J.: 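My structure is below; once you've seen it, I'll send some questions.
Just so you know, these numbers come straight off a predicted model, no measurement behind them. All ligand and atom numbering here is 1-based and tracks the order in the structure.
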Amino acid sequence: MMSEDLFLKIISREIPADIVYENDDVLAFRDVNPQAPLHVLIVPKAHIRTINEMQPENAELFGKLFLAAQEIAAQQGVAEDGYRVVMNCNSAAGQTVFHVHLHLLGGRQFSWPPG
Ligand code: 5GP
């Protein structure tokens, strides 16, 4: 349900977050349980539960999440060394918040394959 969408509450400032980037379509804030020195969640302001609900008309919006990642990575000084972007979908991938979000992780070495 939309009313249970935690990230909509962050977007509306009902719940506080450490916001690092915002534009008309996108908000980005630090993950409350960081998995790397830099761990930012980049979310569309529109309510989209998972990648499975993405529509063709959302294609530009999803592109804007990546442009935000590019900008934040540069701003936070990890662009040259490298960083990882991840979007989990549903339970097998470990999605726990059902409002799509791009994880931007940086500031350390990452292994592949992921766990
Ligand atoms: P997922 O597992 O759905 O891909 O990622 C959800 C992420 O949201 C997790 O990394 C979790 O730490 C983060 N998270 C959950 N609740 C909050 C919150 O209230 N504030 C912030 N900033 N991050 C949260």
J.: Please report, to 0.1 Å, the donor-acceptor pairs under 3.5 Å made by any side chain of residues 90-100, with sequence neighbours excluded.
T.:
residue: Q95; atom: OE1; partner: N90; partner atom: N; Å: 2.8
residue: Q95; atom: NE2; partner: R49; partner atom: O; Å: 3.1
residue: Q95; atom: NE2; partner: V97; partner atom: O; Å: 3.0
residue: H99; atom: ND1; partner: D5; partner atom: OD1; Å: 3.3
residue: H99; atom: ND1; partner: D5; partner atom: OD2; Å: 2.6
residue: H99; atom: NE2; partner: P44; partner atom: O; Å: 2.7
residue: H99; atom: NE2; partner: A46; partner atom: O; Å: 3.4

J.: Scan the side chains in residues 74-87 for donor-acceptor partners under 3.5 Å anywhere in the protein, sequence neighbours excluded, and list what turns up.
T.:
residue: Q76; atom: OE1; partner: R30; partner atom: NH2; Å: 3.4
residue: R84; atom: NH1; partner: S111; partner atom: O; Å: 3.0
residue: R84; atom: NH2; partner: S111; partner atom: O; Å: 3.0

J.: Below 4.0 Å from any atom of ligand 1, which residues have a heavy atom? Give them in chain and number order, please.
T.: L6, F7, I10, F29, R30, D31, V32, N33, L41, N88, G94, Q95, T96, V97, H101, H103
J.: Less than 4.5 Å apart, side chain to side chain, heavy atoms only: is that true for I48 and F62?
T.: yes
J.: Show, in sequence, the C-alpha distance, side-chain angles and deciding distance for I11 and E22, and conclude whether the side chain to side chain contact (heavy atoms under 4.5 Å, CB included) test is met.
T.: CA-CA 10 Å; I11 292 161; E22 181 168 25; 5.9 Å; no
J.: Out of I72, L104, I42, which one pairs with Y21 under the side-chain contact (heavy atoms from CB on, under 4.5 Å) rule?
T.: I72
J.: Hey, can you pull the donor-acceptor pairs under 3.5 Å for the side chains in residues 33-41, sequence neighbours left out?
T.:
residue: Q35; atom: NE2; partner: N33; partner atom: O; Å: 2.9
residue: H39; atom: ND1; partner: Q35; partner atom: N; Å: 3.0
residue: H39; atom: NE2; partner: D31; partner atom: OD2; Å: 3.4
residue: H39; atom: NE2; partner: H103; partner atom: ND1; Å: 2.8

